[in-house]
Amino acid sequence: MYSENIKTMDTAGGLRAAAGGFARGIITAAVFTLVVFALFACILAYTAVSESAIPIISTAVQAAGALIAGFCTAKRSGSRGFLSGLVAGLGYILIIWFIASLAGDGFYVGKHFLSMLGFSALGGAIGGVMGVNLKSGRSNKRKR
């Protein structure tokens, strides 16, 4: 009975830590995205950069944001980097899409959204693998 209570507490603590890592990853990625989009808007306004670059830059920035979300989430979880990164990347892009749909013309699912979804899933998964394998302050090398 005592060991069952410890397992339950450990699972609840693990879920709290995972949710906290997920939220931190999404917020970090959203801040990154806002900063880069603001910089890109200034570049578009004050230079001769063509507006045809917007979809490419948008997809690249959102994939990088998903990578950051996956990295932060997986680093906090400590295991299952691919899965936690994938979920964080998809969660991030769905939140961005929801906010953009509310601010824009409505909810639209087209080729651009599907490509963003794919690149964000890939970026999140890569970030998750990196987050699990690159632990801060620790060496991954074996001591001999």
Side-chain angles (χ1 to χ4, degrees), residues 3-142:
S3 63
E4 290 175 18
N5 290 339
I6 290 175
K7 285 182 182 179
T8 304
M9 289 185 339
D10 188 33
T11 303
L15 289 175
R16 257 186 251 120
F22 180 77
R24 183 178 293 174
I26 298 294
I27 291 169
T28 303
V31 168
F32 166 81
T33 302
L34 287 173
V35 168
V36 173
F37 278 163
L39 289 172
F40 186 63
C42 290
I43 290 170
L44 277 175
Y46 298 113
T47 64
V49 174
S50 172
E51 290 182 3
S52 63
I54 291 174
I56 296 167
I57 297 297
S58 171
T59 303
V61 169
Q62 290 171 350
L67 187 135
I68 291 170
F71 180 85
C72 293
T73 302
K75 186 176 177 186
R76 180 92 181 216
S77 75
S79 65
R80 297 182 182 166
F82 183 83
L83 182 62
S84 61
L86 182 71
V87 170
L90 290 174
Y92 160 78
I93 201 63
L94 289 174
I95 290 169
I96 296 294
W97 172 73
F98 183 75
I99 293 169
S101 296
L102 289 177
D105 294 333
F107 295 90
Y108 174 73
V109 176
K111 286 192 299 185
H112 182 67
F113 171 72
L114 294 176
S115 70
M116 285 186 338
L117 197 65
F119 284 120
S120 295
L122 181 64
I126 291 170
V129 171
M130 289 171 48
V132 167
N133 290 318
L134 299 176
K135 306 218 183 214
S136 64
R138 295 184 203 167
S139 175
N140 286 338
K141 298 177 185 175
R142 285 192 227 169

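Values below: every heavy atom of this structure, side chains too, minus hydrogens, waters and symmetry copies.
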From CD1 (I57) to CZ (F37), nearest 0.5 Å: 9.0 Å
At what distance, to the nearest 0.5 angstrom, does CG of L67 lie from CG of L122? 9.0 Å
Looking at every non-hydrogen atom in both residues, tell me the closest pair between L117 and L94 and how far apart they are. CD1-CD2, 4.2 Å
In Å and rounded to the nearest 0.5 Å, what is the CG to CG distance from L34 to L39? 11.0 Å
Distance from T47 atom OG1 to L44 atom CG, nearest 0.5 Å? 6.5 Å
What's the separation between atom SG in C72 and atom OH in Y92, rounded to the nearest 0.5 Å? 12.0 Å
Interatomic distance, T33 atom OG1 to I96 atom CD1 [nearest 0.5 angstrom]: 5.5 Å
So do I95 and I26 actually touch side chain to side chain, heavy atoms under 4.5 Å? yes
Non-hydrogen atoms of G81 and A74 that approach each other most closely: CA-CB, 3.9 Å
Over all heavy atoms of both residues, which pair between F32 and A64 is shortest? Give the atoms and the distance, please. CE2-CB, 3.8 Å
Closest non-hydrogen atoms of I93 and Q62, given as atom of the first, atom of the second and distance, are CD1-OE1, 3.7 Å
How far apart are the closest heavy atoms of M116 and T59, and which atoms are they? CG-OG1, 4.1 Å
Can you establish whether the number of heavy atoms outside F82 located under 6.0 Å from its atom CZ is more than 12? no
Do F22 and S84 have side-chain heavy atoms sitting under 4.5 Å apart? no
Looking only at non-hydrogen atoms, find the nearest pair between G89 and A66 and report the distance. CA-CB, 3.9 Å
